[in-house]
Amino acid sequence: MLFQGGALFDSLPVWQNVAFRLLRGSLKKPKDEARAIALEKLRRVGLSEDVAERLPAELSGGMQKRVGLARAIAAEPEIIFFDEPTTGLDPIMAGVINDLIREIVTEMGATAITITHDMSSVRAIADKI
């Protein structure tokens, strides 16, 4: 799930936020492997490796959305929920996030369910309304 407000853990570095699900529970992987997956997912959403050790508060709103998207796809889910994915972003960054959502969902072959009031976002990412 990609949460409206980011829902990132303030006390964890970015890579651990992305790998959160991979570091515990039934999907638990060794720390090095989870970190490698996190770095790959960060790269996939357009963030460089240098943000991996930063805390979420050190990132812009658009970067935090990208981290949230990387976390949402880290475990390769079949279904992804997006709750107001472009809220709080300027129109340019909203367009970037919409393009990323569309590309990633298509690449993964996942089903995506989006809740939004942003009709331009709906037109950019939806197959069905």
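Source: prediction; values computed, not measured.
No side-chain heavy atom of E49 sits under 4.5 Å from any side-chain heavy atom of R43. Side chains of L22 and R35 form no contact here, defined as non-hydrogen atoms less than 4.5 Å apart. Two residues are said to be in side-chain contact when any heavy atoms from C-beta on lie closer than 4.5 Å; I37 and K29 meet this criterion. I113 places a side-chain heavy atom less than 4.5 Å from the side chain of F81. Residues I80 and T111 have side chains not in contact (no heavy-atom distance under 4.5 Å, counting atoms from C-beta outward). For the pair W15 and R54, the minimum side-chain heavy-atom distance is 4.5 Å or more. With contacts defined as side-chain heavy-atom distances shorter than 4.5 Å, the pair M1/P77 does not qualify.
When all heavy atoms of P13 and A52 are compared, the closest pair comes out as CB-O, 3.6 Å. Minimum interatomic distance between A19 and A38 (heavy atoms only, all atoms of both residues): CB-CB, 4.0 Å. Here the closest non-hydrogen pair linking V51 and M63 is CG1-CE, 3.6 Å. Of all non-hydrogen atoms in L69 and L2, the two that sit nearest each other are N-CD1, 3.5 Å. Here the closest non-hydrogen pair linking G46 and R66 is CA-NH1, 3.6 Å.
The residues K41 and E76 are annotated as salt-bridged, a charged nitrogen and a carboxylate oxygen being separated by less than 4.0 angstrom.
For E103, the side-chain hydrogen bond (donor to acceptor under 3.5 Å, both in side chains) test picks out R44, with sequence neighbours left out.
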Please tabulate, for the side chains in residues 88-98, all donor-acceptor contacts under 3.5 angstrom to protein atoms that are two or more places apart in sequence or on a different chain.
from, atom 1, to, atom 2, distance (Å)
D90, OD1, I92, N, 3.0
D90, OD1, M93, N, 2.9
N98, OD1, S121, OG, 2.8
N98, ND2, A94, O, 3.3

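Under a cut-off of 6.0 angstrom, the local environment of CD in E78 is sparse, with at most 12 non-hydrogen atoms contributed by other residues, nucleotides or ligands.
Side chains of D118 and S120: a donor on one and an acceptor on the other come within 3.5 Å.
How far OG1 of T116 is from CD1 of I125: 7.0 Å, rounded to the nearest 0.5 Å. Between the CG atom in L8 and the CG atom in L59 there is a gap of 8.0 Å [rounded to 0.5 Å].
Judged by distance alone, the side chain of Q64 and the main-chain N or O of P56 form a donor-acceptor pair under 3.5 Å. A donor-acceptor pair under 3.5 Å is formed between the side chain of E58 and the backbone N or O of L55. One N or O on the side chain of K65 and one on the backbone of Q4 form a donor-acceptor pair closer than 3.5 Å.
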Run the salt bridge (Lys or Arg N to Asp or Glu O under 4.0 Å) test on R102 and D127 for me, step by step, so that the C-alpha distance in whole Å, both residues' side-chain angles and the decisive distance to 0.1 Å come before the verdict.
CA-CA 10 Å; R102 185 76 178 168; D127 291 327; 2.9 Å; yes
Please walk me through it: do T87 and F3 pass side-chain contact (heavy atoms from CB on, under 4.5 Å)?
CA-CA 10 Å; T87 296; F3 296 93; over 6 Å; no
Dump the intermediate steps for side-chain contact (heavy atoms from CB on, under 4.5 Å) on F82 and I115, then the final yes or no.
CA-CA 6 Å; F82 297 102; I115 299 166; over 6 Å; no
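With side-chain heavy atoms closer than 4.5 Å counting as contact, directly or through intermediates, the hydrophobic cluster containing F20 also holds F9, L12.
Under the 4.5 Å side-chain heavy-atom criterion for ILVMFWY residues, a single connected hydrophobic cluster contains both M108 and V105.
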